[in-house]
Number of protein chains: 2
Amino acid sequence: MSLPHAILTALLEKPSSGLELTRRFDRSIGYFWSATHQQIYRELGKLEKAGLIRALPADSPTRGQRKEYEVLPSGRAELERWVEGRDEPRDPRDPLLLRLRATGVVGVGDGLISELRRHRELHAARLAEYREFQQRDAARGHGTERDRVHGLVLQGGIDLELFWVNWLDKAIDGLDRPEPAEQACGPTT
Amino acid sequence: MSLPHAILTALLEKPSSGLELTRRFDRSIGYFWSATHQQIYRELGKLEKAGLIRALPADSPTRGQRKEYEVLPSGRAELERWVEGRDEPRDPRDPLLLRLRATGVVGVGDGLISELRRHRELHAARLAEYREFQQRDAARGHGTERDRVHGLVLQGGIDLELFWVNWLDKAIDGLDRPEPAEQACGPTT
DNA sequence: CTTCATTGTGCAACTTGTTGCATAATGAAG
DNA sequence: CTTCATTATGCAACAAGTTGCACAATGAAG
C-alpha cells in the first residue's frame, strides 16, 4: 500500500505526467521504492478514479498524449492520514543473504564470491553518488523543513549503502580465508 | 524466485514437513526472507511436481496428515545453479523512509515521530536477540564451513539492525529539534 | 509524404505474496 | 462417545509487482 502514497508525495512536490514520474522515481524516491512506468500509470488511473488526484486540462484527451496530474485536497488528506498511521517493519528480503546461506549446504563456489564483489562495487558506486547529492545539498544550504527531511532520508540511503559495503567486505574476507587465523598479510585486492 | 531456493536450503539442512518449515522460517531464515505457511505449502507442491523434492513415504497419504519432504539430487543441483548465478541488488522498499519523505510536503506530525521511536525499539530488540544467537554460536565453537557461513549471515543481520537503530536515532533527533544548533542538553528520553 | 526512431501512454497476462477460510487427525474434558 | 481445542494441510480469492507488447504523437531523414 505504499506506491500510491509515494506517487501522491511526488505529485505534491511537483505536478507531473506519468513518464515524468517514472523518471523521478528512477532518481530520488526510487532509490528506496522503485516502480516501473506500468505500475505508475495503473496507479495514476486508480488515484484519479478515487478522486485523490486529477488530470490538468489538456488540449486533446487522446491516447499517447501527455497528461499531467495534480493532487486534490482529498489526496493530501489521505497522505497525511497514512503518514501518521502505524506499520510494522518489513524484513530485508535480500536474495544475496539467502544465497550466502545456501552455500552453507552446497559449498562456496567462485560464482558467489565474484557476485559478492560485484555487489560490493555496485553499492560503493551508489554510495559515492549519494555523497555527491549530499555535498550539493549542503552547498545550497538547507533552511526549510523539507530540506532537512530530505537530508535525513538521504542520510538513511548513505548509511544503508555503508552497511552493505562494510558487510560485503567482511563476507568476502571471511569466505576467502577458511580459518579466522591471525595471518597479518594485506588484502588480496 | 527466491522462496523455492530458500525452501530447498532449509530442507537440505533438515528434511521437514510444511508446518515445521513454517516454524523454521519464523526463526533463522525468515529473519531475512519471511514466508507464510500458505506460501510454503504451495511452493512445496510445485517443487514436488517439478521433481526437485519428494515426500518421504508415510503411513496414510490423506489430508491433515503430516508429510515430510526431502531434497532430491535435481533439487540440490538447482540450488547450486542458483547460488552461482547473478542477480541485481534490490532496493530497500521500506515504507518508513517513504513516510518520512512524505512529511517533507505534509509536515511532521507526532504520529510519525512516535512511529520512528517504536521502530527503533523493535530493531533494538531484534538486535539484542541476534547478539544472543551470536554468543551462543561462539560458545559452541565454529569449525565447519557451514558454521562460518551462518556466522557471516548472522553478522549481516546484526549490522543491518545496527544501521536501523543508529539511523532512527539520527532521524528522531533531527526532527525533534528543528535547528541543527549546538544545544548541548541531554536527550529527552 | 513516407519511413523510421523516439517519446509517451496504456492493456493484458503472469508471478509473487497475503488473507480468510475449509478440512482432517488427535487427544483431552465433560 | 461427543464436544472442543490444537496441530497440520490445503484451497480460493485477492493484492502487489513484473514483463511483454501495442498504440499514438512527433519530428527528423530520406
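Everything numeric here is computed off the predicted structure, so don't read it as measured data. Proteins get letters first, then strands, A, B, ... in listed order; numbering begins at 1 in each.
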Are side-chain N/O atoms of B:His150 and B:Glu145 paired as donor and acceptor at under 3.5 Å? no
Could you give the CD-to-C1' distance, from B:Glu68 to D:dT9, as a whole number of Å? 15 Å
Keeping the roles fixed (side chain from A:Glu121, backbone from A:Arg118), state whether a donor-acceptor pair exists under 3.5 Å. no
Looking at the side chain of B:Lys67, which of C:dG10, D:dT19, D:dG10 is the nearest nucleotide? D:dG10
Whole-Å distance, A:Leu44 CG to D:dG17 P, equals 15 Å
How many whole angstroms separate atom CZ of A:Phe25 from atom P of C:dG8? 17 Å
Rounded to whole angstroms, how far apart are NZ on B:Lys49 and P on D:dG10? 13 Å
The residue, B:Tyr69 or A:His37, whose nearest nucleotide of DNA chain D is more 5′ is B:Tyr69
Take a 6.0 Å sphere around CZ of A:Arg93 and say whether it holds more than 12 heavy atoms from other residues, nucleotides or ligands. yes
Residues which pass side-chain contact (heavy atoms from CB on, under 4.5 Å) with B:Asp87, listed by chain and number, not counting sequence neighbours: A:Pro95, A:Arg99, A:Glu115
Could you check which residues of residues 12-21 of chain A get a heavy atom under 4.0 Å from DNA chain C? Sort them by number, please. A:Ser17, A:Gly18, A:Leu19
Any B:Tyr41 side-chain N or O less than 4.0 Å from OP1/OP2 of D:dG10: no
Return the value, rounded to whole Å, for the distance between atom CG of A:Asp26 and atom P of C:dG8. 13 Å
Are side-chain heavy atoms of B:Leu79 and B:Leu52 found at a separation under 4.5 Å? no
For B:Ile40 and D:dC11, give me the distance from atom CD1 to atom P, rounded to whole Å. 15 Å
Using a 4.0 Å heavy-atom cut-off, does A:Arg90 contact any base of the nucleic acid, only the sugar-phosphate backbone, or nothing at all? nothing
Determine whether B:Val108 and A:Leu152 fall in the same hydrophobic cluster, where Ile, Leu, Val, Met, Phe, Trp and Tyr are linked whenever their side-chain heavy atoms lie under 4.5 Å apart. yes
Atom pair distance, as rounded to whole Å: CZ in A:Arg23 and P in C:dT7: 7 Å
Between C:dG17 atom C1' and B:Leu3 atom CG, what is the distance in whole Å? 9 Å
Whether the A:Arg24 and A:Ser16 side chains hold a donor-acceptor pair (N or O, under 3.5 Å, no angle test) is what I'd like checked. yes
Is A:Arg86 atom CZ crowded by more than 12 heavy atoms from other residues, nucleotides or ligands, each under 6.0 Å away? no
Counter-base of D:dA8, judged by Watson-Crick or G-U geometry with both distances under 3.5 Å: C:dT23
Pair A:Glu78, A:His5: side-chain N/O donor-acceptor within cut-off below 3.5 Å: yes
Could you go through nucleotides 12-16 of chain C and list every protein N or O atom that sits under 3.5 Å from one of its N or O atoms, giving the distance for each pair?
none

With both distances under 3.5 angstrom, what nucleotide forms a Watson-Crick or G-U wobble pair with D:dG30? C:dC1
